[in-house]
A.B. asks: 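Have a look at this one before I ask anything.
All of these numbers come straight from a predicted model, not from anything done at the bench.
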Amino acid sequence: MAIATLRARSLEVPRAVVLLTGGAWALAIGAEVAGHGRAFGHDALIEGGMPVPAALALFVLSWQVMLAAMMLPSSVGMLRTFGRLAAREPDPARSRTAFVAAYGLVWTGFGFAAFAGDGILHRAVDASPWLGAHEWLIGGGVLLVAGAFQFSDLKDRCLSECRTPLGFLMERYRPGARAAFRVGVAHGAFCVGCCWALMLVGFAAGAGNLLWMAVLTTVMAVERSAPRGRAIVRPVGAAFVALAGLVLLHPIWLPPMLGTG
């Protein structure tokens, strides 16, 4: 298959991506409208007195919804290009499933790390009266980290890999489900490397904060997919750093849902 044809077809949006993304946003909006959005937030799961296995299970569920809503839109090019390459295999569905499963597994690992770190942070807040009285510093710190990372070499390197799906796959693609899983892990690792700080803001906001989800989804999709997406990376970083500075000066500037709860 010609490279030009692959590149052109990679711009098409797979129906499965549309359905999964639309379904995830519908669930998030429905939960918020019904008044249950906060019940699936990490704060409620950590401090709600729920047994740990049940809290983890609900977190995994809400995290998958966040991934589908926020990460799939920025991965359309990679998913479509891989699908076109795998179409020549004897069992393309198996390879596509392995690729997507590996990608989701990497991001789920990041989610578990964030959830565990948040649990430690909550215990630190409970144990420190000073930190408990200055919780807004944590939200400001999250914004500062996210903004500073936008200027890092690691962000630039990982973004380069994510923005060139055809080049990424032509270098790594091999037929078969096992090879597809390895490529999915590699793509997931670069995607986490590119977007972890922005997703950390999304994690802090929670699946119930639709405005933050929409803003961060748009930023990540434009950065990774738009022709001039790189042009917004540093301005976004500057905006986050400026907002962090305001928050650290006075808690009144802390956006809703970016505290520890």
A.B. asks: Are any non-hydrogen side-chain atoms of F181 and L105 less than 4.5 angstrom apart?
C.D. replies: yes
A.B. asks: Tell me, do F203 and V142 make a side-chain contact under 4.5 Å, heavy atoms counted?
C.D. replies: no
A.B. asks: So if you build clusters from Ile, Leu, Val, Met, Phe, Trp, Tyr with side-chain heavy-atom gaps below 4.5 Å, do V236 and L159 land together?
C.D. replies: no
A.B. asks: If you apply the rule side chain to side chain contact (heavy atoms under 4.5 Å, CB included), what do you find for Q64 with T108, and how did you get there?
C.D. replies: CA-CA 8 Å; Q64 302 311 310; T108 299; 3.0 Å; yes
A.B. asks: Between the side chains of S225 and R163, is a donor N or O closer than 3.5 angstrom to an acceptor N or O?
C.D. replies: no
A.B. asks: Taking the side chain from E89 and the backbone from G176, do they hold a donor-acceptor pair closer than 3.5 Å?
C.D. replies: yes
A.B. asks: Can you list, pair by pair, the side-chain donor-acceptor contacts under 3.5 Å of residues 68-75, counting residues two or more places apart and other chains?
C.D. replies:
{"unit_1": "S74", "atom_1": "OG", "unit_2": "M71", "atom_2": "O", "d": "2.9"}
{"unit_1": "S74", "atom_1": "OG", "unit_2": "R224", "atom_2": "NH1", "d": "2.8"}
{"unit_1": "S75", "atom_1": "OG", "unit_2": "M71", "atom_2": "O", "d": "3.1"}
{"unit_1": "S75", "atom_1": "OG", "unit_2": "Y103", "atom_2": "OH", "d": "3.0"}
{"unit_1": "S75", "atom_1": "OG", "unit_2": "R224", "atom_2": "NH2", "d": "3.4"}

A.B. asks: Would you compute the distance between atom CZ of R96 and atom CG of D91 and round it to the nearest 0.5 angstrom?
C.D. replies: 9.0 Å
A.B. asks: Which value, rounded to the nearest 0.5 Å, describes the distance between F59 atom CZ and D118 atom CG?
C.D. replies: 9.0 Å
A.B. asks: Are any non-hydrogen side-chain atoms of W107 and W63 less than 4.5 angstrom apart?
C.D. replies: yes
A.B. asks: Indicate yes or no for a side-chain donor-acceptor contact from T81 to the backbone of M78 under 3.5 Å, with no hydrogens or angles considered.
C.D. replies: no
A.B. asks: Quick one: pull up NE2 in H134 and CG in L137 and give me the separation to the nearest 0.5 Å.
C.D. replies: 6.5 Å
A.B. asks: Quick check: is L67 connected to V219 through a chain of hydrophobic side chains (ILVMFWY, heavy atoms under 4.5 Å apart)?
C.D. replies: yes
A.B. asks: Taking side chain as C-beta onward, heavy atoms only, is L198 less than 4.5 Å from E223?
C.D. replies: yes
A.B. asks: Checking the side chain of K155 only, and the main-chain atoms of F149 only, is there a donor and an acceptor separated by less than 3.5 Å?
C.D. replies: no
A.B. asks: Measuring only between side-chain heavy atoms, which start at C-beta, is V125 closer than 4.5 Å to I138?
C.D. replies: yes
A.B. asks: When rounded to the nearest 0.5 angstrom, what is the spacing between NE2 in H250 and CH2 in W136?
C.D. replies: 8.0 Å
A.B. asks: Can you hop from L248 to W130 via hydrophobic side chains spaced under 4.5 Å?
C.D. replies: yes
A.B. asks: Pairs in or reaching into residues 182-203: which pass side chain to side chain donor-acceptor pair (under 3.5 Å), with residues at least two apart or in two chains?
C.D. replies: none
A.B. asks: Identify the two heavy atoms, one from M220 and one from C195, that lie closest to each other, and give their separation to 0.1 Å.
C.D. replies: SD-CB, 3.6 Å
A.B. asks: Tell me whether S152 contacts the main-chain N or O of A148 through its side chain, where contact means a donor paired with an acceptor under 3.5 Å.
C.D. replies: no
A.B. asks: Would V185 and F110 show up in the same hydrophobic cluster when neighbours are defined by side-chain heavy atoms closer than 4.5 Å?
C.D. replies: yes
A.B. asks: Please tell me if the side chains of L144 and F240 come closer than 4.5 Å, counting only heavy atoms from C-beta onward.
C.D. replies: no
A.B. asks: Identify the two heavy atoms, one from G140 and one from A244, that lie closest to each other, and give their separation to 0.1 Å.
C.D. replies: O-CB, 3.5 Å
A.B. asks: Got a second to check how far L20's CG is from W25's CH2, nearest 0.5 Å?
C.D. replies: 14.5 Å
A.B. asks: Taking all non-hydrogen atoms of both residues, which atom of P129 and which atom of A127 are closest, and how far apart?
C.D. replies: CD-O, 3.6 Å
A.B. asks: I'd like to know if V233 and V201 are part of one continuous hydrophobic network [Ile/Leu/Val/Met/Phe/Trp/Tyr, side-chain heavy atoms within less than 4.5 Å].
C.D. replies: no
A.B. asks: Quick check: are there more than 12 heavy atoms from other residues, nucleotides or ligands sitting under 6.0 Å from CZ of R230?
C.D. replies: yes
A.B. asks: Write down the atom of S95, the atom of A180, and the distance for their closest heavy-atom approach.
C.D. replies: O-CB, 3.3 Å
A.B. asks: Quick one: CZ on R174 to CG on L169, what's the gap to the nearest 0.5 Å?
C.D. replies: 11.0 Å
A.B. asks: With a 4.5 Å cut-off on side-chain heavy atoms, are F112 and V60 touching?
C.D. replies: yes
A.B. asks: Within the 4.5 Å heavy-atom criterion, are F82 and Y173 side-chain neighbours or not?
C.D. replies: yes
A.B. asks: Over all heavy atoms of both residues, which pair between A98 and A177 is shortest? Give the atoms and the distance, please.
C.D. replies: CB-O, 3.4 Å
A.B. asks: Is the NZ or CZ atom of R172 both under 6.0 Å from the centre of the six-membered ring of F168 and within 45° of that ring's axis?
C.D. replies: yes
A.B. asks: Verify, without hydrogens or angle tests, whether T218 (side chain) and A214 (backbone) share a donor-acceptor contact under 3.5 angstrom.
C.D. replies: yes
